[in-house]
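Chain naming here is simple, since letters A, B, ... match the order of the sequence lines and numbering starts at 1 in each. Everything numeric here is computed off the predicted structure, so don't read it as measured data.
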Amino acid sequence: MLHFLRRRLTVAILVALTVLTLSFLLTRLSGDLAISIAGPNATQEDIELIRSAYGLDRPLWVQYFDWLWRALQGDFGDSYFFKTRVSRLIMERMPITMTLGLCGLFIALCVALPLGILAAVRENTWVDRSVLMVALIGQAMPSFWLGLTLMIVLGLNLGWLPISGTGSWQHYVMPSIVLSFSAIPSLMRLTRSGMIEALASDYIRTARAKGLSRLSILVKHGFRNAAIPVVAIAAVQLGFMLGGSIVIETVFALHGVGYLAWESISKNDFPVVQAVVLVLALIYIGLTLLSDLLNAVLDPRLRSA
Amino acid sequence: MSTVLQPAGASSRRRIWRNAGALLGISIVGFVTFVAIFAPWLAPYDPFTIDLGRRVIPPKWMEGGTPTNILGTDQLGRDYLSRLIYGARVSMIIGVATIITSGIIGTFLGVMGGFYGGRVDDAVVFAITARLSIPVVLVALAVAGLLGTSFTLVILVLGLLLWDRFAVVARSTTMQIRNLDYVAAARCAGCSPIIVLLKEVLPNIATHLAVVATLEMALAILLEAALSFLGLGVPPPLPSWGLMISEAKEYMFFSPWIIIIPGIALFILVLGVNLLGDALRDMLGTDLSR
Amino acid sequence: MSALLEVDDLRVTFGSTAAVRGIALKVEKGETHCLVGESGCGKSVTSLAVMGLLAKGGKREVARLSFAGDDIRDYDEKRMSHLRGDRMAMIFQEPMTSLNPAYTVGSQMTEVLRRHRGTPRTQAVDRAVQLLTRVGITAPGLRLGQFPHQLSGGLRQRVMIAMALMCDPELLIADEPTTALDVTVQAQILRLLAELQKDLGLGILLITHDLGIVARVADRVSVMYAGEVVESAPTAELFRAPRHPYTRGLLSCVPVPGKVKRDEPLGSIPGVVPRIPPGFIGCAFKERCSYAEAACASPLPRRYIGPAHEMLCILPEGSGA
């Protein structure tokens, strides 16, 4: 298993480097950065000044390696707009995005796991079909629209929850719910199919033959095996949620990393954009490694492989 | 041996249910496609005509509505129903164009990797892993922010980003077929591999790819809506449903219908596409794309 | 005195297919009763039906089902679950997949005792060690902490047997316990079962398709065909004087070293096991039987040929041979 993990780690590092390069190239897409930064009213002089000030007159590969070298040390440069270190900006905003992601995942699991198990136990009954329909509905729902609708209903009409900002825990409720919608369908389907497969297996028949209690068979024997891929996928889903947080954060005006990215894109604040793409990708890579680790921990068959 | 056999009643109930879903999916997609194609004949008004004197009029059945505009008007006085109808065009064209683009890229990569194996396959798998690590929405937004928004750009960006599932499915099915038809390919040792690919591999993976295509189309439609909502997708005054929601945001607390209607349209279309995908998957009896 | 297990007129249907069509059997304490037949004859389904372990969609009807004198016919799942693993135990054909891969051998064994007797952990572990030793597993302490995938097929089946014995059951149902194992391991497992039966007075219902196994371990044999028991007798008598054409056909299929002449074709029964439509009357074997006559299409009588030897056929005694 150690060999397997080592291999995954190597791949992860290579992917990280690739993303580093891609995010660098991303911001160089628009051609002359200096012109974009200078804005529409700049004179040729201003543009030249900006070009040298930001080191944009150096050859491209020099800029790349400079960026690479600094990025590896955690130095993402300074934000053009905020005039502070990008790394500090990200660190300040990250807790909000993380909280949002974790809450979203928590809600998703609380909904998806029981429903998935229920659907599997009552396979092909109306209960099962209703659960599958819930999954279908969740998949088809545009998240930003759901957010706005919830805002209208829960925030305005019923006045239960605040509609924007990050004052208290209540501010996180609606955004987390909306975020969870993106993960619930897949987690629920996975739980359901995993449970159906587990419950049809020979070791469940043995458990029944041993006269174990219904609960023990379902949870201890059935779910324990079905849960393995679900846990692994949950970690990856968290990665997706963090990556997609930009939409939710802008709708609900939560000043997390996603919102930061949004602001920076509109202001052409390239160092920030570059860094956020990189950081989110790195988090995703880390989560996939975690997911592999969880797989190995939960499945004894993989441990000695 | 514990065989799970179902009594006859349950399996025919299941079939009816599945057929209902497939029927609904096909009807929805068919209907929206029809609307998209015949938009100029179906829409009562021009979706771009601004009439500042008649802004934010509610739909006919609500208080304040008029029969002139069945679904009311938006914040610039444009007829809502017409914009909704033309919006179907935007969603459908982007959906189809994206899956064609990403389908070609993904299928090519996946088939190459699955067919040749070895280093080629390693490279393909690496590319897929790298692509999965990239936060799609963010990158799409960044590109749009840098290069300016346009219809074609949205298609290009989404097409260049959403090929991963095509690649995964194409790769695994190609690998299965390669093993099966290995003998045939070996016998064909005079035929160029391209011929083998075109004649043997592609027809066999086509149906699996069709399932993936529906899933990706649904995703593309939702992503375009999100991008347009954030102002970095389809540029105004084009009537993208996502853009309509975004433009009307300020009025939503007083006239909620103004954002609810396009949202429902999006929801129904994506639901239809997903149902279609489920129906295709049931026909195939496989579940590779999850 | 009633038998340990008594089954009368057991019928099992899956939808419109009748898997078991009215069989009767008895297992006495300390006796091994073999249920033998081809694949698809319904022998496994019979064992599952007795234990109440039928899969979803299986319907069971039985005139009489008694265990150790108690009528368990109408026991619900809850009451059956208290019997299973405690007084009646079952082991299955596929040791590779019959154990949960996520838990250690030890935890899967001890949970049976803890469930049925409330035994504290340490005592349960002691009992598990004792049983693992009894079934011939060396280093039992080590094995307890291992996971199923770390054991070989033969070892796993021994673990299954030990696990089945945790609560000292009175009846053991073994569904083709050696089919998935190597021949040498088969012999060991069979010998083990025979020893355990002698030591513990277990009643064993052994399901198998292998007549060789029947000859070795069975006290009594019931031959099944297409959901019915066509002949039932003490083992020695069945092998010595088989009456039912199917039984005779089966026995002739087994090549006996020394008796089979070179160049002589091996025995076989022409045709295949038929699918029985619902409402079928008469002998299921008649299409393949060389003695079939018109009367075989009507319901068959259960006839007694000798003491404890019965069969389902209209052939008079002494015919055929």
**Study point:** Within 45° cone and under 6.0 Å: A:R205 NZ/CZ vs C:F92 ring
**Key:** yes

Review point. So, do C:M163 and A:T206 sit near enough that their side-chain heavy atoms are less than 4.5 Å apart?
Key: yes

Practice item. Determine which residues belonging to residues 211-229 of chain A lie within contact range of chain C, meaning some heavy atom pair is under 4.5 Å apart, and list them by number or answer 'none'. Key: A:G211, A:L212, A:S213, A:S216, A:K220, A:H221, A:R224, A:N225

Review point. Is there a side-chain contact between C:K56 and A:E123, using heavy atoms and a 4.5 Å cut-off?
Key: yes

Review point. Do A:K210 and C:M166 come close enough that some side-chain heavy atom pair is under 4.5 Å?
Key: no

Review point. Would you find more than 12 non-hydrogen atoms of other residues, nucleotides or ligands less than 6.0 Å from A:E197 atom CD?
Key: no

Check your understanding: Any residues in residues 277-287 of chain A near chain C, with a heavy-atom distance under 4.5 Å, and which are they?
Key -> none

Exercise for review: Heavy-atom pairs under 4.5 Å with chain A are the metric here; pick the option from C:M90, C:H116, C:E111, C:E77 that has the most.
Suggested key: C:E111

Check your understanding: Taking every heavy-atom pair that is under 4.5 Å apart, which of C:P101, C:P169, C:C167 has the most such pairs with chain A?
Key -> C:P101

Exercise for review: Examine whether an atom of C:Q108 lies under 4.5 Å from a heavy atom of chain A, and if so say whether it belongs to the side chain, the backbone or both; otherwise answer neither.
Suggested key: both

